[in-house]
Amino acid sequence: MRPLIAGNWKMHGTLREAVKLAEALREGAEGVDLLVCPPFPHIHAVAVSLLGSRVAVGAQDCHAAQRGAHTGDVSAAMLRDAGATHVILGHSERRMDHGENDAAVLAKTEAALGAGLVPIVCVGETEAERLAGLADSVVEKQLAGSVPYGFVTAGGIIAYEPVWAIGTGRTPGEQEIAAIHATLRRALVERFGPSARSTRLLYGGSVKPGNAAAILALPDVDGALVGGASLVAADFLAIARAVPG
Ligand code: PEP
């Protein structure tokens, strides 16, 4: 399957900076799909600036409801209308900052699918959970609780993001990443059948140009979700070009 390199821009940048960054990515990278996920107010302008390119645009969250009295929230259909095709859901920063549990992520994922967006559901253990030997069981539980029926056929994507590796410059060992991805693949295939072999499993957590080639060459790693390094066009493109040919 074609690897996907997705950038999570989090709460960074002015509108002008977002459009400039998008324009620097327009050329894309050979053999790889690119996705950028700007903050809500920048999505439409970034989508317009990337029209005709092979770089897709996503959001970082959506509400579970289609409409209603939800001050400050954004529906999946609004994101679609603004030009997004994907949405990151259940990122650990949302799970921590906004108390999102698996049930909330499940409801948002259903809403995303209903609006025709491709959900990228994030799972990952904390450092304490890893040290306690619970990494596999934590991600399996998150997967079971956050991923709805219809996810695989709609092209839903899973991102394994160990919480302790996000923004820290630390990553699990290559064998540890491969082991969790194998666990996720097995759990998806058990639940959804052989078609889940083509579900993209992204790794996220301190992916940089210097470690991307080794991580992206691992079995069952079908791309990366990149935070900090996605804010620098040259770094993001270097990560995309590190995908094994
Ligand atoms: C992220 O927040 O999804 C992420 C992977 O961040 P970073 O690459 O900065 O660790």
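First listed ligand is number 1; within each ligand, the first listed atom is number 1. Please read these numbers as outputs of a predicted model, since none were measured by experiment.
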Ligand-side contact atoms (ligand 1) for residue partner [X], heavy atom cut-off under 4.0 Å:
X	result
Leu225	3 (O), 5 (C)
Ile166	1 (C), 2 (O), 4 (C), 6 (O), 10 (O)
Gly167	7 (P), 9 (O), 10 (O)
Gly205	5 (C), 10 (O)
Ala165	10 (O)
Gly228	7 (P), 8 (O), 9 (O)

Relative to the ring of Phe192, is the ring of Phe151 parallel (under 30°), tilted (30 to 60°) or perpendicular (over 60°)?
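Ring orientation, 0 to 90° scale: tilted.
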Does at least one non-hydrogen atom of [X] fall below 4.0 angstrom from an atom of ligand 1?
X	result
Lys208	no
Ser206	yes
Ser230	no

Any idea which protein heavy atom is nearest [atom], and the distance to it?
atom	answer
atom 2 (O) of ligand 1	Lys10 NZ, 2.5 Å
atom 5 (C) of ligand 1	Glu161 OE2, 3.1 Å
atom 1 (C) of ligand 1	His91 NE2, 3.2 Å
atom 4 (C) of ligand 1	Gly227 N, 3.5 Å

Result block: side-chain N/O donor-acceptor pairs under 3.5 angstrom for residues 101-119, not counting sequence neighbours:
| from | atom 1 | to | atom 2 | distance (Å) |
| --- | --- | --- | --- | --- |
| Asn101 | OD1 | Ala103 | N | 3.2 |
| Asn101 | OD1 | Ala104 | N | 2.9 |
| Asp102 | OD1 | Arg95 | NH1 | 2.6 |
| Asp102 | OD1 | Ser146 | OG | 3.4 |
| Lys108 | NZ | Asp61 | OD1 | 2.8 |
| Lys108 | NZ | Asp61 | OD2 | 3.2 |
| Lys108 | NZ | Cys62 | O | 3.2 |
| Lys108 | NZ | Glu100 | OE2 | 2.8 |
| Thr109 | OG1 | Val105 | O | 2.6 |

Heavy atoms only, cut-off 4.0 Å: how does Asn8 contact ligand 1, side chain, backbone, both, or neither?
side chain
Side chain, backbone, both or neither: the part of Cys122 lying under 4.0 Å from ligand 1 by heavy atom:
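The answer is neither; Cys122 stays 4.0 Å or more away.
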Contacts of type side chain to side chain contact (heavy atoms under 4.5 Å, CB included), residue Arg186, not counting sequence neighbours
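Arg186: side chain to side chain contact (heavy atoms under 4.5 Å, CB included) contacts with Glu140, Thr183, Glu190.
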Worked check of salt bridge (charged side-chain N to carboxylate O under 4.0 Å, His left out) between Arg170 and Glu127:
CA-CA 11 Å; Arg170 298 163 59 209; Glu127 186 154 35; 2.4 Å; yes
Say whether [X] and [Y] are linked into one hydrophobic cluster, either directly or through other cluster members, by side-chain heavy-atom distances under 4.5 angstrom.
X	Y	result
Phe236	Val57	yes
Phe40	Leu50	yes
Leu184	Leu202	no
Ile5	Tyr203	yes

Glu161 and His91 side chains, donor-acceptor separation under 3.5 Å
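His91 vs Glu161: donor-acceptor pair found between side chains.
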Under the criterion side chain to side chain contact (heavy atoms under 4.5 Å, CB included), which of Ile180, Leu201, Ile177 is the partner of Val221?
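Among the candidates, only Ile177 passes.
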